[in-house]
There are 2 protein chains.
Amino acid sequence: MPTTHTEKERSELHRRVGERLSEDDHRYTTSRQRLVDALADSTRPLTLPDITKIAPDLAASSVYRNLEMLERAGVVRRINSGGNHAHFELAEPLISHHHHLVCTDCGGITDIHLKDELEQTLVEALNAIAQTHGFKPQDHNLDLHGACALCNEHKPA
Amino acid sequence: MPTTHTEKERSELHRRVGERLSEDDHRYTTSRQRLVDALADSTRPLTLPDITKIAPDLAASSVYRNLEMLERAGVVRRINSGGNHAHFELAEPLISHHHHLVCTDCGGITDIHLKDELEQTLVEALNAIAQTHGFKPQDHNLDLHGACALCNEHKPA
DNA sequence: AGTGCTTCTGATAATGATTATCATTCTATA
DNA sequence: TATAGAATGATAATCATTATCAGAAGCACT
């Protein structure tokens, strides 16, 4: 469980999510907790098939419905970086800010972190640009596209 | 025609694309030239409906097929950042490197540019990170998500 | 300007991830 | 423990994108 390590952190996570949901009159059911656990247990964003593999008894339709609800509640972030399936991860206030290595071959995603100083410079620059466009910034998204180590091996050409 | 301004630049663009396609035994047909023109005429990435509006006589199936072929040829870049439709723009060697403002409300995309110095710092940092993962970097992708000026007006809440 | 060969095109059907529907089951609270 | 609001799972519907296929160009060579 890389993103949230200790048991204390995990239950704190659930407490926060539960609180958030109850504000919208949503219940933090076992299915939803398991969904959040699956996302928290992973170092990388998961697809629907990933989730089904982890929790085969959860109905796909329910998983999609719950992911959508959790996204609206600001608990989950959806990532559409190509591939057949969308990827899902816990949203920013719940996990640390990071970026992604996206494999253009297999569609896999790996989390990466920028140095704080660079990150901050970047955010300031983006906000300045946004302002000149009358654009109200929410968050940003930085992907490095390329070939992951595994795909490099398979296709040494 | 913002991205490629003068007639000279435009014909140079077509020359380059045509050359690229002939390397793969593909013809640079009128339909394909019109596709490239549509993309070059726009300041922002276009969706299939956008293209259909510009050139209503091009069959959707052909447009998709040609966009896919042009993408494989390195002429077009596909962007999957949300919204129902994928967005398409000319690929990097043909237009200047830039990033995007993505409206989470209407799905619209606007091109933005980072200062050269910051851009370079960013690229170096990303390459360094990639190396530690055995990841072979190709290009990167930076989006600022938020609400565009138009959507801010419509929803002043 | 005709033949053969390959590539393009457009219409249409197929695919497949995601969403909507709906009847049923659960849960919190009275 | 009755009830009203939510949640679930099975299923069907949606809809952007892809695949298919028959006919139309385009090119090379004669």
Side-chain angles (χ1 to χ4, degrees), chain A residues 14 17-38 45-73 75-89 106-107 109, chain B residues 14 17-36 38 45-73 75-89 106-109:
Chain A
H14 284 307
V17 173
E19 194 171 298
R20 184 66 257 289
L21 292 194
S22 72
E23 288 171 17
D24 295 358
D25 291 314
H26 286 136
R27 295 172 189 158
Y28 196 28
T29 60
T30 311
S31 313
R32 291 170 180 172
Q33 289 174 36
R34 289 177 59 199
L35 209 43
V36 168
D37 272 324
L46 301 177
T47 63
L48 197 275
D50 291 335
I51 293 168
T52 298
K53 204 170 297 172
I54 295 171
D57 56 314
L58 298 182
S61 62
S62 296
V63 172
Y64 273 122
R65 193 187 322 105
N66 283 331
L67 285 171
E68 186 193 335
M69 184 276 277
L70 289 167
E71 188 187 15
R72 275 201 303 266
V75 173
V76 159
R77 189 164 95 90
R78 181 195 195 123
I79 305 168
N80 296 316
S81 34
N84 300 333
H85 295 268
H87 291 252
F88 299 90
E89 65 182 8
C106 69
I109 300 185
Chain B
H14 283 308
V17 173
E19 195 171 297
R20 186 65 256 289
L21 292 195
S22 71
E23 289 170 18
D24 294 359
D25 291 313
H26 286 136
R27 297 173 187 156
Y28 196 29
T29 60
T30 310
S31 312
R32 290 169 181 174
Q33 290 175 34
R34 289 176 62 198
L35 210 43
V36 169
L46 300 177
T47 63
L48 198 275
D50 290 336
I51 293 169
T52 298
K53 205 170 296 171
I54 296 171
D57 55 316
L58 297 183
S61 62
S62 296
V63 171
Y64 272 122
R65 192 186 325 106
N66 284 330
L67 285 171
E68 187 192 335
M69 186 275 279
L70 290 167
E71 188 187 17
R72 275 200 304 266
V75 173
V76 158
R77 189 164 95 90
R78 182 194 193 122
I79 305 167
N80 295 317
S81 34
N84 300 334
H85 296 268
H87 290 251
F88 300 90
E89 66 182 8
C106 69
I109 300 186

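Residue numbers start from 1 in every chain, and the chains themselves are labelled A, B, ... in the order their sequence lines are given, proteins ahead of strands.
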message: Counting primed atoms plus P, OP1 and OP2 as sugar-phosphate and everything else as base, spell out the protein contacts along nucleotides 14-25 of chain C at 4.0 Å heavy-atom distance: B, S or - for each nucleotide, 5' to 3'.
response: ---SSBB-----
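Remark: A:T29, A:S31, A:R32 in residues 28-37 of chain A come within less than 4.0 Å of DNA chain D through at least one heavy atom.
For the pair B:R20 (side chain) and B:A73 (backbone), a donor-acceptor distance under 3.5 Å is present. Without hydrogens or angle criteria, A:D37 side chain to A:R34 main chain gives no donor-acceptor distance under 3.5 Å.
If you measure from atom CG of A:L70 to atom P of D:dA7, you get 10 Å, rounded to the nearest angstrom. Straight-line distance from the CG atom of A:D57 to the P atom of D:dG9: 8 Å, rounded to whole Å. As rounded to whole Å, 18 Å separates atom P of D:dG5 from atom CG of A:D24. The distance from atom CG of B:D25 to atom P of D:dG26 is 18 Å, rounded to the nearest whole Å. Between B:M69 atom CE and C:dT6 atom P there is a gap of 18 Å when expressed in whole angstrom units.
Of the candidates A:I54, A:T29, A:N66, A:N66 is the only one forming a side-chain contact (heavy atoms from CB on, under 4.5 Å) with A:L35.
Summarising the geometry of B:Q33 relative to B:Y28, their closest heavy-atom pair is NE2-O, 3.0 Å, with the distance given to 0.1 Å. Shortest non-hydrogen contact noted between B:H87 and B:G107 is NE2-O, 3.5 Å.
The base of C:dT6 lies close enough to the side chain of B:R27 for a donor and an acceptor atom to sit less than 3.5 Å apart.
Ring orientation note: the planes of A:F88 and A:Y64 are nearly perpendicular, at an angle over 60° on the 30°/60° scale.
Here A:L67 contributes atom CG and A:R32 contributes atom CZ; the two are 10.5 Å apart, rounded to the nearest 0.5 Å. Atoms CG and CD1, from B:L46 and B:I109 in turn, are 9.5 Å apart once rounded to the nearest 0.5 Å.
When each of D:dA7, C:dT9, D:dG9 is scored by its nearest atom to the side-chain atoms of A:H26, the top-ranked nucleotide is D:dA7.
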